[in-house]
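This report refers to the structure that appears directly beneath it.
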Amino acid sequence: MELSKRTYVQFGGMLLSFAGWVLSCVTTFVPLWKNLNLDLNELENWTMGLWQTCVVQEEGGMQCKDFDSFLALSAELRISRILMCLSIGSGILGLSICGLGLDCVNIGERRQESKNRLLLLGGILLWTAGLSALAPVSWVAYDTVQEFWDETIPDIVPRWEFGEALFMGWFGGFFLLVGGTLLASSYCFISSDPKTACYTPTKYHKQYPAVDSKYPDLTV
């Protein structure tokens, strides 16, 4: 029963971690971190991400322009780029290491202690990925709120608002933290049985009836 609970925890952790990693990748590259609605021109909607700025027009579709230089960006965008790339890299590395430590993987199944250490290491990397995703998203959201309620800016000047990518980043970081916690906590569910929870087919040995010694040898 203990090994079954451990397997369920591992599957749940891998599923949440993979979902969080996908959301983190989408958050990094979509230009939906901030939205700017122009009251003077309701047919245009400006959006901004880490890599480009786009304008959405009802008649002309979407047109995007990449940022010219990395050094010309604001501090929040530069650090957000670095942290989101760190989140993607540590997330895929943590998923790979945890995959090798799962009970259903037959690699090193006789060295259960090594697989437990892989799960713990992968969980720590997933924590790193989750925190690296939550930090820039929360920072951009904080600056957006500060600029939105800044009284020194005239009311006629349009203000940036939250984009959809911020919410995806929050969910992605939360899923990575929960998934990494589940995978690392499975280290505590150590079973004395070294066998895995997966089905292992056994060899079928055909049994022949024993020969009675009372019959004579019929060989010529």
Side-chain angles (χ1 to χ4, degrees), residues 10-38 44-58 60-100 102 121-148 159-184:
Q10 291 178 1
F11 286 162
M14 288 295 293
L15 183 61
L16 287 175
S17 299
F18 180 75
W21 180 77
V22 172
L23 289 175
S24 179
C25 292
V26 175
T27 303
T28 303
F29 297 105
V30 295
L32 298 174
W33 283 60
K34 293 182 180 181
N35 293 331
L36 183 64
N37 295 320
L38 300 177
E44 290 184 355
N45 184 19
W46 290 77
T47 62
M48 184 178 67
L50 298 180
W51 310 93
Q52 57 188 357
T53 302
C54 300
V55 55
V56 182
Q57 299 176 349
E58 293 185 0
M62 177 182 291
Q63 297 179 356
C64 298
K65 182 180 183 301
D66 296 336
F67 294 120
D68 296 331
S69 174
F70 176 78
L71 298 177
L73 298 175
S74 60
E76 62 174 3
L77 292 182
R78 292 199 304 267
I79 298 177
S80 296
R81 279 190 184 185
I82 297 173
L83 290 178
M84 292 305 297
C85 292
L86 176 62
S87 176
I88 294 175
S90 57
I92 189 62
L93 184 60
L95 286 172
S96 302
I97 293 177
C98 288
L100 296 176
L102 295 177
L121 176 60
I124 294 175
L125 289 173
L126 291 173
W127 287 340
T128 304
L131 292 176
S132 299
L134 289 175
V137 172
S138 301
W139 186 8
V140 172
Y142 174 78
D143 286 346
T144 303
V145 173
Q146 293 295 318
E147 293 177 359
F148 186 85
R159 289 172 170 80
W160 291 99
E161 299 179 2
F162 288 172
E164 292 82 355
L166 296 182
F167 299 97
M168 288 190 295
W170 278 320
F171 279 106
F174 177 74
F175 287 165
L176 285 169
L177 287 178
V178 176
T181 302
L182 291 177
L183 290 169

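Side chains included, hydrogens not; waters and symmetry mates left out as well; all remaining heavy atoms used.
Rounded to the nearest 0.5 angstrom, Ser24 OG and Leu86 CG are separated by 9.5 Å. Taken to the nearest 0.5 Å, the CG atom of Leu176 stands 10.5 Å off from the CH2 atom of Trp21. In this structure, Phe67 CZ and Leu77 CG are separated by 5.5 Å, a value rounded to the nearest 0.5 Å. We find the OG-CG distance between Ser138 and Leu166 to be 9.0 Å, quoted to the nearest 0.5 Å. For the atom pair CD of Gln52 and CZ of Phe29, the computed distance is 11.0 Å after rounding to the nearest 0.5 Å. Between the CG atom of Leu183 and the CG atom of Leu126 there is a distance of 6.5 Å, given to the nearest 0.5 Å.
Side-chain contact between Trp160 and Asn35 is absent, with no heavy-atom pair separated by less than 4.5 Å. You'll find the side chain of Met84 reaches within 4.5 Å of the side chain of Thr27, heavy atoms only. Looking at Phe162 and Val145, their side chains come closer than 4.5 Å, going by heavy atoms from C-beta outward. With contacts defined as side-chain heavy-atom distances shorter than 4.5 Å, the pair Trp51/Arg81 qualifies. Within the 4.5 Å cutoff, side-chain heavy atoms of Met62 are placed close to those of Val56.
Of the candidates Glu161, Glu164, Glu76, Lys34 forms a salt bridge (charged side-chain N to carboxylate O under 4.0 Å, His left out) with just one, namely Glu76.
Checked against a 6.0 Å centroid threshold, the rings of Trp170 and Phe167 count as neighbours.
By the neighbour-count criterion of 12 heavy atoms within 6.0 Å, atom CZ of Phe171 is sparsely surrounded, having that number or fewer from other residues, nucleotides or ligands.
Between the side chain of Ser87 and the backbone N or O of Leu83 there is no donor-acceptor pair closer than 3.5 Å. A distance-only check finds no donor-acceptor pair linking the side chain of Trp46 to the backbone of Cys54 [under 3.5 Å]. Between the Thr47 side chain and the Pro31 main chain, a donor and an acceptor come within less than 3.5 Å of each other.
In this structure, Cys85 has no disulfide bond (SG atoms under 2.5 Å apart) partners at least two apart in sequence or on a different chain.
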Determine whether Thr53 and Met48 satisfy the following criterion, side-chain contact (heavy atoms from CB on, under 4.5 Å), listing intermediate values before the conclusion. CA-CA 4 Å; Thr53 302; Met48 184 178 67; 3.8 Å; yes
